[in-house]
Amino acid sequence: MQMLKETADTSQVTWESILTPEQHHQFDADGYVCVRQLLKPEEISEIRETFMKANENGPVEGLSEIRRDDTASKGYDAADPLAFHPRMMHPHRHPGTPVGEVAMKYMLDRRIGRVLAELLGEEPFAVQSMFYFKPPGARGQDLHQDNFYLRVKPGTCMAAWVAVDDADAENGGMMCVPRTQDLDIACPEKSDPKLYFTSDHVEPPAGKKPVMQNLKAGDVLFFNGSVIHGSTPNTSKTRFRRSFICHYVPGSTREMSHWYTEPLSFDGRAHRIEHNNDGGPCGTAQDAPAPH
């Protein structure tokens, strides 16, 4: 495996191949690829422990998707595991806090940047971070496409999905629908609220079905913004399925949703991307961030 070459000026980077031919083939064929054990066990422990400590008393104002005093209006009853452990959105935007520092550290991790640059064929910019707790009994996330929300033009976005726990069918692991990377972005149908905490569902084309990825803690799954993906409910009695997820866009991006227009290069430089104000495939403007 070849590594990145850097000059004295860290903004000038020569990206060399670090993926195997087999990994390239899978990404080209299916639209996604897993890089096994990209993060070390002690790094995964740092991510897990930092976010669990932050949420030890329930939702965190300004970080969690729902407020502790407002769970009912968001569709969560008191017995819902996600009422106590909702996902955290954009933690990297909270400098000076433990979760903010950890989120920024791993969102801009050079190993992730190396893979992204190779898959995109150009410099990647980071635009979003999230942390999912997904405790035992939690609902899943219905099938969807990320670029429905990010609205990247031209091209599409890319996700780096870091498994913080082993993730499989029992605890609500990640599923991807192979060979959907070149699909148009669809206007979603409604999902089943008994099974999924998000409201959108994208039906795979005829003959295509989601495939469980069976990830181990430290694995990172990369997939583009057209790939249909989602997760099942966590039917485990004892196992969390925590994940740290970031979205990236290629350097050639000219427009994207206003929720994500604070892009950062992997050396921390800020960039500006114009807002994409079109109506999208549903004909109406989206006013909510991606529910990855």
Less than 4.5 Å apart, any side-chain heavy atom of [X] and any of [Y]?
X      : Y      : value
Cys176 : Val211 : no
His25  : Thr20  : no
Met89  : Met130 : yes
Leu119 : Phe27  : yes
Val33  : Phe223 : no
Phe197 : Arg87  : yes
Leu264 : Phe125 : no
Val177 : Lys209 : no

[X]/[Y] ion pair, N-O < 4.0 Å:
X      : Y      : answer
Glu203 : Lys208 : no
Arg111 : Glu43  : yes
Glu56  : Lys53  : yes
Glu262 : Arg272 : no

Can you see whether [X] engages [Y] through a side-chain donor-acceptor pair at a distance of less than 3.5 angstrom?
X      : Y      : result
His258 : Asn276 : no
Gln181 : Asp30  : no
Asn224 : Tyr32  : no
Lys40  : Ser45  : no

[atom2] on [Y] to [atom1] on [X], rounded to 0.5 Å:
X      : Y      : atom1 : atom2 : value
Asp109 : Arg114 : CG    : CZ    : 8.0 Å
Asp219 : Gln213 : CG    : CD    : 10.5 Å
Ile228 : Leu183 : CD1   : CG    : 5.5 Å
Ser191 : Asp142 : OG    : CG    : 5.0 Å
Gln128 : Ser257 : CD    : OG    : 9.5 Å
Asp168 : Met174 : CG    : CE    : 13.5 Å

Does [X] belong to the same Ile/Leu/Val/Met/Phe/Trp/Tyr cluster as [Y], with side-chain heavy atoms less than 4.5 Å apart forming each link?
X      : Y      : answer
Val162 : Met175 : no
Phe148 : Leu150 : yes
Val60  : Phe240 : yes
Leu143 : Met212 : yes
Ile245 : Tyr196 : no

*Determine, stepwise, if the pair Leu38 / Ile112 fulfils side-chain contact (heavy atoms from CB on, under 4.5 Å).*
CA-CA 8 Å; Leu38 188 61; Ile112 290 175; 4.0 Å; yes
Heavy-atom donor-acceptor pair, [X] side chain to [Y] backbone, under 3.5 Å:
X      : Y      : answer
Thr97  : His94  : yes
Ser236 : Thr238 : yes
Glu118 : Ile18  : yes
Glu123 : Gly251 : no
Thr235 : Glu170 : yes
Asp200 : Pro188 : no
Lys134 : Gly172 : yes

*Assert yes or no for the condition that the ring centre distance of Tyr106 to His92 is strictly below 6.0 Å.*
no
_Validation row, ring centre His201 to ring centre His144 under 6.0 Å_ = no
Would you name the heavy atoms of [X] and [Y] that are closest together and state the gap between them?
X      : Y      : value
Asn147 : Gly155 : ND2-O, 3.7 Å
Val127 : His90  : O-CE1, 3.7 Å
His85  : Asn55  : CD2-ND2, 3.1 Å
Pro233 : Leu195 : CG-O, 3.6 Å
Ala159 : Asp146 : CB-OD2, 3.9 Å
Ser252 : Pro154 : O-CD, 3.7 Å

*Would you please test His247 and Tyr260 for ring-ring contact (aromatic ring centres under 6.0 Å, His included) and show each step?*
CA-CA 9 Å; His247 285 102; Tyr260 311 95; 7.2 Å; no
*Option passing salt bridge (charged side-chain N to carboxylate O under 4.0 Å, His left out) with Asp165 (candidates Arg241, Arg239, Arg48)*: Arg48
_Go through it in stages, so that I can follow the logic: the residues are Val227 and Gln145, the test is side-chain contact (heavy atoms from CB on, under 4.5 Å), and I'd like the CA-CA distance, side-chain angles, deciding distance and then a yes or no._
CA-CA 6 Å; Val227 169; Gln145 297 168 293; over 6 Å; no
_Could you walk me through whether Met158 and Leu120 satisfy the side-chain contact (heavy atoms from CB on, under 4.5 Å) test, starting with their C-alpha distance in whole Å, then the side-chain angles of each, then the deciding distance to 0.1 Å, before giving a yes or no?_
CA-CA 8 Å; Met158 187 82 75; Leu120 291 169; 3.7 Å; yes
_Here's one to test your reading of the geometry: is the NZ or CZ of Arg151 within 45 degrees of the ring axis of Tyr149 and under 6.0 Å from its centre?_
no
*asked:* Applying side-chain contact (heavy atoms from CB on, under 4.5 Å) to Ser243 and Phe131, what does each step give before you reach the verdict?
replied: CA-CA 6 Å; Ser243 54; Phe131 189 88; over 6 Å; no
*Could you label the plane-to-plane angle of the Tyr248 and Phe266 rings as parallel, tilted or perpendicular, counting under 30° as parallel and over 60° as perpendicular?*
parallel
_Full working for salt bridge (charged side-chain N to carboxylate O under 4.0 Å, His left out) between Asp192 and Lys194_ = CA-CA 5 Å; Asp192 183 348; Lys194 295 180 181 179; over 6 Å; no
